[in-house]
2 protein chains.
Amino acid sequence: MEERDIKRAGLKITQPRVKILDLLSNSQEHHLSAEDIYKLLLGNGEEIGLATVYRVLTQFEAAGLVNRHHFEGGQAVFELATEEHHDHMVCMKTGRVVEFYDEIIEQRQQELARLHNFRIKDHSLILYGEFIGESDENA
Amino acid sequence: MEERDIKRAGLKITQPRVKILDLLSNSQEHHLSAEDIYKLLLGNGEEIGLATVYRVLTQFEAAGLVNRHHFEGGQAVFELATEEHHDHMVCMKTGRVVEFYDEIIEQRQQELARLHNFRIKDHSLILYGEFIGESDENA
DNA sequence: GATTAACATGATAAAGTATATCATTTCATT
DNA sequence: AATGAAATGATATACTTTATCATGTTAATC
């Protein structure tokens, strides 16, 4: 993701937008809340307002640049929409998130939708639990 | 669900708890937000406080009497935990919720967890879309 | 059935997440 | 460089949910 993508979305290329996109592109953790992003940028000495972070993320979502997920815990998290569709495993101890994709589940969802006369626009599959043998580093 | 279940959860049998449980048991819509419940009870002429509704629902959830789901839209919804585990299709137009269960998806989730050395504690699968040929009655 | 201690309620305050407002600033085009 | 349109950010506001605490209710004991 780069400035070109911001322009393609019909948005001006501004400092806050570039900084947020860079952070999402380069951060080790792919899933960041608006407040995560705000604090990380402040920590890097960047000047940015929390309202701008929320506003820009919503615009990016509308433009298809990022996806918003509602994991448990109140705050929505965002990730770049560069990768193919995938679902998530969320560790309830460390907060670690692993992405996965399974063709069987995807097809089965479509089959079930057909059976119920339902047209799927979006879906959310999240497995909550813990990675076996992993210690509680962050929580 | 009945008063016996409240007692079994280690909670006193109080008017608010009975009313909430009755409403969840008898309502046509199985998935109600705390505010839904609050307003429905007020509409029935019952006296209850919103704080009590939230408190009781959280207690019921801890006791395993209800499940809490985070559909899109900000407010959590609650349903009785009497039924077997199931997932949800949510109509983005009418808000209608249909429950489904699919053994293939369940097994596949377990298989994927095994592959990732992950122990599933809980999971959330929600399909968002619309029921074909259904009109927009409530939205 | 009355007493009483523990528990529960509900009005309100407060916390937390997210959006709306609007004067000021930045962008990008002329 | 000038200028109009768009964006920012401080702050106010909305909204969902939890915390506080004086008052009321429950249920166990006498």
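So that the names make sense, note that chain A is the first sequence line, chain B the second, and so on, each numbered from 1. Worth knowing before you read on, the calculation uses all heavy atoms, side chains too, and leaves out hydrogens, waters and symmetry mates.
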Student: Atom pairs under 3.5 Å, N or O on each side, protein against nucleotides 22-26 of chain C: can you list them with distances?
Tutor:
none

Student: Between C:dA28 atom C1' and A:I6 atom CD1, what is the distance in whole Å?
Tutor: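 Atom-to-atom, A:I6 to C:dA28, this comes out as 15 Å.
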Student: Go through C:dT19, D:dT16, D:dG9 for me and flag the one nearest to the A:R68 side chain.
Tutor: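 Of all the options, the side chain of A:R68 is nearest to C:dT19.
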Student: Take atom OH of A:Y38 and atom C1' of C:dT17, then tell me their distance rounded to the nearest Å.
Tutor: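 That distance rounds to 14 Å.
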Student: Could you report the tightest heavy-atom contact between A:K12 and A:I6, atom names first, then the distance?
Tutor: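 In terms of heavy atoms, the two residues are closest at O-CG2, 3.5 Å.
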Student: Between B:D22 and B:K19, is there a donor-acceptor pair closer than 3.5 Å when you use the side chain of the first and the backbone of the second?
Tutor: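 Pair absent, no side-chain N/O of B:D22 close to backbone of B:K19.
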Student: Between B:E99 and B:Y101, is there a side-chain donor-acceptor contact under 3.5 Å, judged purely by atom types and distance?
Tutor: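 No, because no side-chain N or O of B:Y101 sits under 3.5 Å from a partner of the opposite role on B:E99.
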Student: How many whole angstroms separate atom CD of B:E35 from atom P of C:dG10?
Tutor: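 Distance, rounded to whole Å: 16 Å.
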Student: Can you figure out which of D:dG9, C:dT9, C:dT19 approaches the side chain of A:T58 most closely?
Tutor: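 The listed nucleotide nearest to A:T58's side chain is C:dT19.
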Student: Nearest whole Å is fine: how far is D:dA7 C1' from A:F60 CZ?
Tutor: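 Rounded to the whole Å, the gap is 12 Å.
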Student: Provide, to the nearest angstrom, the distance between the CD1 atom belonging to B:I48 and the P atom belonging to D:dG24.
Tutor: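 One finds 18 Å between P of D:dG24 and CD1 of B:I48, rounded.
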Student: Tell me the interatomic distance from B:F71, atom CZ, to D:dT16, atom P, rounded to whole angstroms.
Tutor: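 Checked: the CZ to P distance equals 16 Å.
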Student: Between A:D87 and A:H123, does any side-chain donor sit less than 3.5 Å from a side-chain acceptor?
Tutor: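 There is such a pair (donor and acceptor under 3.5 Å, judged by atom type) between the side chains of A:D87 and A:H123.
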Student: Separation of B:E47 atom CD from C:dG10 atom P, in whole Å?
Tutor: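 Between P of C:dG10 and CD of B:E47: 8 Å.
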Student: Scan A:A34 against the nucleic acid and name what it touches under 4.0 Å (heavy atoms): base, sugar-phosphate only, or nothing.
Tutor: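 No contact.
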Student: When all nucleic acid strands are considered with a 4.0 Å heavy-atom cut-off, which category describes B:I13: base, sugar-phosphate, or nothing?
Tutor: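 Sugar-phosphate, backbone atoms only, no base.
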Student: A quick test of your reading: do over 12 heavy atoms of other residues, nucleotides or ligands sit less than 6.0 Å from CD of B:E84?
Tutor: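 No - once you tally the heavy atoms of other residues, nucleotides and ligands closer than 6.0 Å, there are 12 at most.
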Student: Does OP1 or OP2 of D:dT17 have a side-chain N or O of B:Y54 closer than 4.0 Å?
Tutor: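 For D:dT17, OP1/OP2 do have a side-chain N/O of B:Y54 under 4.0 Å.
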Student: Can you confirm whether B:V18 sits close enough to B:Q15 that some side-chain heavy atom of one is under 4.5 Å from a side-chain heavy atom of the other?
Tutor: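 A side-chain contact under 4.5 Å is absent here.
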Student: Map A:A51 and A:G73 onto DNA chain C by nearest heavy atom, then report which one ends up closer to the 5' terminus.
Tutor: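 Result of the comparison: A:G73.
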Student: Considering only NZ, NE, NH1 and NH2 on the basic side and carboxylate oxygens on the acidic side, decide whether A:R8 and A:D5 come within less than 4.0 Å.
Tutor: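 Answer for the salt bridge query: yes.
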Student: Nearest of D:dT17, C:dG10, C:dA18 to any side-chain atom of B:Q75?
Tutor: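 Taking heavy atoms from C-beta onward, the closest nucleotide is D:dT17.
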Student: In terms of side-chain heavy atoms of B:R17, which of D:dT17, C:dT9, D:dG9 is nearest?
Tutor: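 Of all the options, the side chain of B:R17 is nearest to C:dT9.
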Student: In this structure, how many angstroms lie between the C1' atom of D:dT16 and the CD1 atom of B:I37, rounded?
Tutor: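 Roughly 14 Å, once rounded to whole Å.
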